[in-house]
Amino acid sequence: MRRPSALHLILFPLSVVMVTPLAWMLLVSVSTQAESRRFPPGLPSGIEWENYLAAMRDAPLGSWLVNSFVVSVVCVAGNLLLCSLAGYAFARIPFFGNKVAFVLMLATLMVPFQIVMLPLLIMMRSLGLIDTLGALIAPNLATAFGVFLMRQFFTTLPRELEEAARIDGASRLRTLLQVLLPLMRPTLATLAVLTFLQTWNDFLWPLIAVQSPEVMTVQLGLQSFQGAHTTNWPKLMAGTVLSQLPVLLVFFFAQRFFVRSVAAAGIK
């Protein structure tokens, strides 16, 4: 068993700061309306499981969760496919303007979303995707960060692997799918988790792109629990807890891939 080090004196207070909002959310979700407004906050007198039932009963929370899941899964699949292809092209296929195109793509990471929000909305409207799940999926099928991540890890793989596969008669696509991508499972898992988290927790773009309750995502739908003059905080926090369970499960099972992808040097 390792002894606590001086680093734990820094990490422990930071962990308390990070956990406090989650603990407060859980406590409020099982409190009464009066207890949720109490200051300073304290432990509830009892556990009000009715708040969770009310969150499911008073709003189509299940439908919102399904919409968020569909959008997130499709965006994850699109990023894994398209970013892998683009990253491989930038890393391995020489073509005119390769470096310039890569730099220009990276430059888009410095552009705030608020600047491209209106042009993107006009594009989605011209495609007839406004107020549909397609408006939430199409802009997130591939990202500049995903292409950059895949390209950087492709450059760490030795070219001898591809040359050996090409000598055996494999095409570039087959070499990518059967030789290179299996070596990059931690990187693919990291990209999948980051894409899932970003898409699931997105609020601004769904707020602009969809209006109908039946196509809302869970983050957008939760705002219906907030009124103009009063907010049912226990019910809102109960819905928030339910909306964050998939995210916590995904991160719990995939957190080890973050370390692997950062430390990976290519092959074992």
Side-chain angles (χ1 to χ4, degrees), residues 14-76 112-114 117 121 130-133 135-137 139-140 193-255:
L14 290 177
S15 63
V16 171
V17 172
M18 298 295 292
V19 171
T20 298
L22 296 176
W24 180 84
M25 178 179 66
L26 290 172
L27 290 177
V28 173
S29 69
V30 294
S31 302
T32 63
Q33 179 75 338
E35 291 173 340
S36 67
R37 298 175 176 176
R38 188 171 52 191
F39 187 84
L43 296 175
S45 57
I47 300 179
E48 298 290 334
W49 296 114
E50 176 63 24
N51 295 329
Y52 289 87
L53 298 177
M56 297 291 295
R57 182 182 61 247
D58 298 344
L61 189 60
S63 176
W64 296 338
L65 288 170
V66 171
N67 291 340
S68 292
F69 183 78
V70 171
V71 172
S72 300
V73 169
V74 174
C75 290
V76 167
F113 176 73
Q114 289 78 2
M117 187 168 54
L121 182 65
I130 291 298
D131 205 21
T132 67
L133 293 181
L136 308 180
I137 294 174
N140 297 306
V193 172
L194 293 177
T195 303
F196 186 90
L197 295 179
Q198 178 183 356
T199 308
W200 183 278
N201 292 321
D202 191 15
F203 176 78
L204 180 58
W205 177 240
L207 178 65
I208 300 169
V210 299
Q211 295 84 33
S212 303
E214 58 269 17
V215 294
M216 286 184 176
T217 58
V218 65
Q219 306 301 337
L220 181 59
L222 287 175
Q223 73 166 349
S224 63
F225 292 150
Q226 294 183 277
H229 304 289
T230 183
T231 299
N232 191 324
W233 289 109
K235 187 166 67 173
L236 175 61
M237 291 298 105
T240 304
V241 170
L242 294 175
S243 71
Q244 293 305 307
L245 286 179
V247 174
L248 293 176
L249 290 175
V250 169
F251 184 79
F252 177 78
F253 287 108
Q255 60 178 334

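Residues: numbered from 1 along the sequence shown.
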* Indicate yes or no: at least one non-hydrogen side-chain atom of T199 is less than 4.5 angstrom from one of V76. => no
* Between V30 and L26, is any pair of side-chain heavy atoms under 4.5 Å apart? -> no
* Asked: In Å, rounded to the nearest 0.5 Å, how long is the span from CE of M56 to CG of L65?
  -> 7.0 Å
* Would you say the side chain of L222 lies within less than 4.5 Å of the side chain of L61, judging by non-hydrogen atoms? -> yes
* **Within-4.5 Å side-chain heavy-atom neighbours: V215 and T132** => no
* Structure fact -> CG (L121) and CD1 (I130) are apart, to the nearest 0.5 Å, by 4.5 Å
* **ring-ring contact (aromatic ring centres under 6.0 Å, His included) against W200, all qualifying residues, sequence neighbours excluded** => F196
* Do side-chain atoms of D131 reach the backbone of S212 as a donor and acceptor pair under 3.5 angstrom? -> yes
* **Student check: side-chain heavy atoms of S243 and Q219 closer than 4.5 Å** => yes
* Before giving the answer on side-chain contact (heavy atoms from CB on, under 4.5 Å), spell out for F203 and L220 the whole-Å C-alpha distance, their side-chain angles and the decisive distance to 0.1 Å. => CA-CA 6 Å; F203 176 78; L220 181 59; 3.9 Å; yes
* Could you state the interatomic distance from CG (L53) to CG (D58), rounded to the nearest 0.5 Å? -> 10.0 Å
* Quick one: closest heavy-atom pair of G239 and A55, and the distance? => N-CB, 4.1 Å
* **Atom pair CE (M25) and OG1 (T240), whose distance is rounded to the nearest 0.5 Å** => 6.5 Å
* Give a yes or no on whether the backbone of A34 and the side-chain of W233 come within a donor-acceptor separation of less than 3.5 Å. => no
* List the steps, then state whether side-chain contact (heavy atoms from CB on, under 4.5 Å) holds for L133 with N67. => CA-CA 8 Å; L133 293 181; N67 291 340; 4.0 Å; yes
* Atom OH of Y52 and atom CE of M237: how far apart are they, to the nearest 0.5 Å? -> 10.0 Å
* Any sub-3.5 Å donor-acceptor pair from S68's side-chain atoms to V218's backbone N or O? -> yes
* **salt bridge (Lys or Arg N to Asp or Glu O under 4.0 Å) between K235 and E48, worked out** => CA-CA 10 Å; K235 187 166 67 173; E48 298 290 334; over 6 Å; no
* Asked: Hey, does P246 have a side-chain heavy atom less than 4.5 Å from the side chain of F69?
  -> no
* CD/Q198: more than 12 non-hydrogen atoms of other groups inside 6.0 Å -> no
* **Inter-residue atom distance C75.SG - L136.CG, 0.5 Å rounding** => 8.0 Å
* **Shortest non-hydrogen contact between A135 and A209, atoms and distance** => CB-CB, 4.0 Å
* Minimum side-chain heavy-atom gap V17-L14 below 4.5 Å -> no
* Asked: Given side chains that start at C-beta, do those of L197 and V193 come closer than 4.5 Å, heavy atoms only?
  -> yes
